[in-house]
There are 2 protein chains.
Amino acid sequence: MPKKITIYDIAKELKITAASVSRALNNNPKISAKTRKLVQETASKLNYKPNRLALALKSGKSNNVGVIVPKINSNFFSSVIRGIEDELFPQGYHVIICQTYELGTREIENINALLNAQVDGILMSYSGATSNHDHLNFIIEKNLPLIFFDRKADIEGVSSVTINDFVGAYEATKQLIQQGCKHIAHLTIDRSLEIYKDRFEGYQKALLDHGMQVQEDFIIESESTLEGGKTSIQKLLELKQIPDAIFSASDFVALGAIRELKAKGIKIPDEFCVTGFSNEPFTNFMELPITSVDQFPLEMGKMAAKVFLEQVNNKETKIEKNVVLNPKLYVRKSSTKPSNSKSKKTNNK
Amino acid sequence: MPKKITIYDIAKELKITAASVSRALNNNPKISAKTRKLVQETASKLNYKPNRLALALKSGKSNNVGVIVPKINSNFFSSVIRGIEDELFPQGYHVIICQTYELGTREIENINALLNAQVDGILMSYSGATSNHDHLNFIIEKNLPLIFFDRKADIEGVSSVTINDFVGAYEATKQLIQQGCKHIAHLTIDRSLEIYKDRFEGYQKALLDHGMQVQEDFIIESESTLEGGKTSIQKLLELKQIPDAIFSASDFVALGAIRELKAKGIKIPDEFCVTGFSNEPFTNFMELPITSVDQFPLEMGKMAAKVFLEQVNNKETKIEKNVVLNPKLYVRKSSTKPSNSKSKKTNNK
DNA sequence: TAAATTTGCGTTATCGATTACATAAGCATA
DNA sequence: TATGCTTATGTAATCGATAACGCAAATTTA
């Protein structure tokens with residue numbers, strides 16, 4: 001097995017010192033053109049590759065960033081990561097992936113592991129169910145760039161890139177109202193998370209702004225799964241006043257709901273309208289395409305990366321940036337009543 | 001900004017040397033219980049965190065692995081990565097993500113970047129359109145574990161974890177034959193990639209084994225997109241002999257095909273059966289669920305990680321392992337003719 | 001009690017690169 | 001020719017951890 005080539009090997013070959021080799025390879029002016037040429041030739045002849053670990057140790061800059069997400073195998077998060085990678089790789093950064101599986105303990109573990117690995121910054125979707133930010137303080141105290149995306153907490157000095165969940169939910173609900181739906185239910189997930197709280201509030205505000213009432217029993221919380229949608233519909237259908245539309249904070253719940261509604265013989269969109277959230281690819285693949293709110297995960301990732309770059313490149317000045325992206329409602333068949341089917345708003349991404 | 005705590009800070013605090021601190025923290029027996037306790041207390045008091053970079057430089061082991069995929073935001077690849085991460089994180093490894101965007105140049109760039117970063121191994125889905133493996137030789141020469149997953153090339157000393165694409169395609173085609181389909185077309189992607197070549201051959205073999213002929217004009221190559229499915233169907237419908245089923249090597253192409261068939265007024269599955277490949281989540285979400293072949297990406301990732309672990313833990317012995325996972329056909333409505341709809345084989349994952 | 005052994009800790013080199021400082025050689029100027 | 005100024009190169013410290021080696025003190029054995 002061939003040994004690793006270091007600048008010392010190049011130095012020995014040319015009977016000079018490692019310092020000169022280093023200078024030659026880094027376009028340092030304090031070296032003669034002749035030596036530089038010789039070193040560069042020898043380097044490529046020996047197939048020299050700089051050891052980034054040594055460089056990182058010396059400079060205190062690893063050129064790695066950590067990205068923490070609940071799970072990587074979801075369309076939303078993998079698209080955010082793609083956006084981050086697309087933006088950071090050309091700048092010489094590598095992305096280290098960590099998953100929390102929605103577990104607070106894993107979040108702490110991951111942060112510690114990333115800090116030990118000397119990452120130059122952490123981009124994370126913050127689970128932040130608790131208000132205990134101790135593990136984040138280690139990052140902040142070290143003056144390491146920390147950027148939240150999608151799920152954030154309001155912490156001084158911490159930047160964030162999110163979408164306006166409130167507006168997304170408001171627009172989605174408004175569209176249902178405009179379709180003539182009178183009793184609009186809301187299927188939500190864990191409202192201790194800001195994103196779901198905001199979607200709930202957007203829904204509420206849209207109803208109130210249009211002279212409609214918010215009914216407590218129309219708000220059903222479940223997991224973000226098809227099963228969650230099924231059981232939620234079952235609960236709604238047991239009410240005295242049955243709703244005629246739902247705005248779901250999750251596309252998966254929306255799909256589960258649609259399936260259950262169909263199973264009960266309820267016609268969509270004629271008798272019942274459904275709108276989801278996230279614009280998961282499948283919402284547009286269905287024979288009955290589902291109206292949904294796009295969160296632009298790719299752009300979110302890119303923006304988070306840009307905010308990170310701004311911060312590492314201006315270490316001295318402390319900048320907190322809170323970018324809020326605008327979501328976009330894609331109105332599709334699941335919430336377009338036949339009488340309105342020629343609506344200009346219909347939009348198939 | 002607080003300075004980083006190193007073992008030297010602990011040493012100074014206790015008026016001992018860094019070597020003793022190191023021994024105390026690493027359960028080295030050559031240290032007294034009293035000193036060990038003192039060091040451990042001081043370490044946690046000062047919130048000491050080991051610098052993995054220094055450790056990596058010293059030991060020559062970074063505890064990072066590189067994973068190279070065409071793109072991360074696809075259900076298949078993000079699931080493989082999840083499998084890898086699930087398996088490697090508990091073993092103290094971090095996963096560095098790289099994308100090739102299906103570009104050979106990016107593959108070389110990524111490999112060089114990972115080698116510079118001193119990763120302990122590389123797991124990759126090999127684009128390998130060309131037969132030029134020069135950039136891989138750098139990895140192999142360094143005796144670094146290299147594991148292919150999904151897309152491989154047969155290179156001595158390189159392990160791989162793949163699924164049996166041939167069998168998957170064979171089973172899928174056989175099921176169509178058993179449904180009574182007489183003219184089965186095949187929609188494929190780039191057959192210079194082994195996976196697509198194998199699927200094509202499985203299709204071919206199934207036809208021949210059942211006394212059917214392989215028709216050259218029934219094989220249509222396109223991109224793995226909905227659009228690809230649409231244009232492929234258009235070509236097939238222009239033939240003198242129109243097929244009555246397709247086996248598609250891609251779920252996206254299958255979906256595009258289904259849409260176009262419906263647009264032409266062709267009834268699925270009554271007049272035409274369709275089967276895809278990959279078992280993308282949406283295939284089972286549709287109102288007309290699509291028959292597809294599951295590739296078990298999570299298991300593939302876990303297995304690739306396990307093969308990697310075996311190799312790093314047995315550096316001295318050179319082991320080449322070629323794991324072939326069995327795919328599973330999920331028979332759904334798109335390929336189940338009404339007369340056979342009670343078939344025992346129907347399976348909804 | 002002296003010799004032999006064990007134990008605990010300090011000294012120092014090392015991993016691979018960068019860089020401040022020192023120094024020698026080359027050249028121009030007086 | 002002596003002096004000053006560049007320029008190119010060498011020397012050595014540094015980043016943070018580990019580990020071989022050496023040595024003194026403590027302990028065991030004869």
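The sequence lines fix the lettering, A, B, ..., with proteins before strands; numbering per chain opens at 1.
- Summarising the geometry, the separation between CG on A/Leu57 and P on C/dC15 is reported as 14 Å, rounded to the nearest angstrom.
- The separation between B/Asn27 atom CG and D/dA19 atom C1' is 16 Å, rounded to whole Å.
- Under the 4.5 Å side-chain criterion, counting only non-hydrogen atoms from C-beta, A/Ile319 is in contact with A/Glu310.
- Remark: C1' of D/dG16 and CG of B/Asp9 are 10 Å apart, rounded to the nearest angstrom.
- No donor-acceptor contact under 3.5 angstrom links the side chains of B/Lys315 and B/Asn143, judged on distance only.
- Residue B/Ile10 contributes atom CD1, which lies 13 Å from atom P of D/dG16 at whole-angstrom precision.
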Go along nucleotides 5-14 of chain C 5' to 3' and tag each nucleotide: B for a protein heavy atom under 4.0 Å from its base, S when only backbone or sugar atoms are that close, - otherwise. ---SBBB--B

Could you pull out every donor-acceptor pair under 3.5 Å between side chains of residues 20-27 of chain B and any protein atom, sequence neighbours left out?
residue: B/Ser22; atom: OG; partner: B/Asn26; partner atom: ND2; Å: 3.4
residue: B/Asn26; atom: ND2; partner: B/Ser22; partner atom: O; Å: 2.6

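- Between B/Tyr126 and B/Leu136 the shortest side-chain heavy-atom distance falls below 4.5 Å.
- Rounded to whole Å, the distance from CD1 on B/Ile5 to P on D/dA17 is 10 Å.
- Taking atom CD of residue B/Gln118 and atom P of nucleotide C/dG16, one finds them 8 Å apart after rounding to whole Å.
- Separating the CD atom in B/Glu320 from the CD atom in B/Glu156 is a distance of 7.0 Å, to the nearest 0.5 Å.
- Taking A/Gln91 as the reference, nothing meets the side chain to side chain donor-acceptor pair (under 3.5 Å) condition, with sequence neighbours excluded.
- Proximity of a side-chain donor or acceptor of B/Asn110 to a complementary backbone N or O of B/Gln99 within less than 3.5 Å is detected.
- Distance A/Leu55 CG to D/dG16 P: 15 Å, rounded to the nearest Å.
- Looking at residues 47-54 of chain A, you'll see that no heavy atom sits under 4.0 Å from any atom of DNA chain D.
- Residue pairs meeting the salt bridge (Lys or Arg N to Asp or Glu O under 4.0 Å) criterion with at least one member in residues 112-124 of chain B, sequence neighbours excluded, are B/Lys61-B/Asp120.
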Show the distances under 3.5 angstrom between N or O atoms of the protein and N or O atoms of nucleotides 24-27 of chain C.
none

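- Considering only heavy atoms from C-beta on, A/Val39 stays 4.5 Å or farther from A/Thr42 through its side chain.
- Contact between the side-chain N/O atoms of A/Asn28 and the OP1/OP2 oxygens of C/dT19 is not found at any separation under 4.0 Å.
- Rounded to an integer number of Å, the gap from A/Ile7 CD1 to D/dT14 P is 18 Å.
- Taking CZ from B/Phe148 and CG from B/Asp154, the interatomic distance works out to 9.0 Å, rounded to the nearest 0.5 Å.
- The shortest distance between side-chain heavy atoms of A/Ser127 and A/Arg106 does not fall below 4.5 Å.
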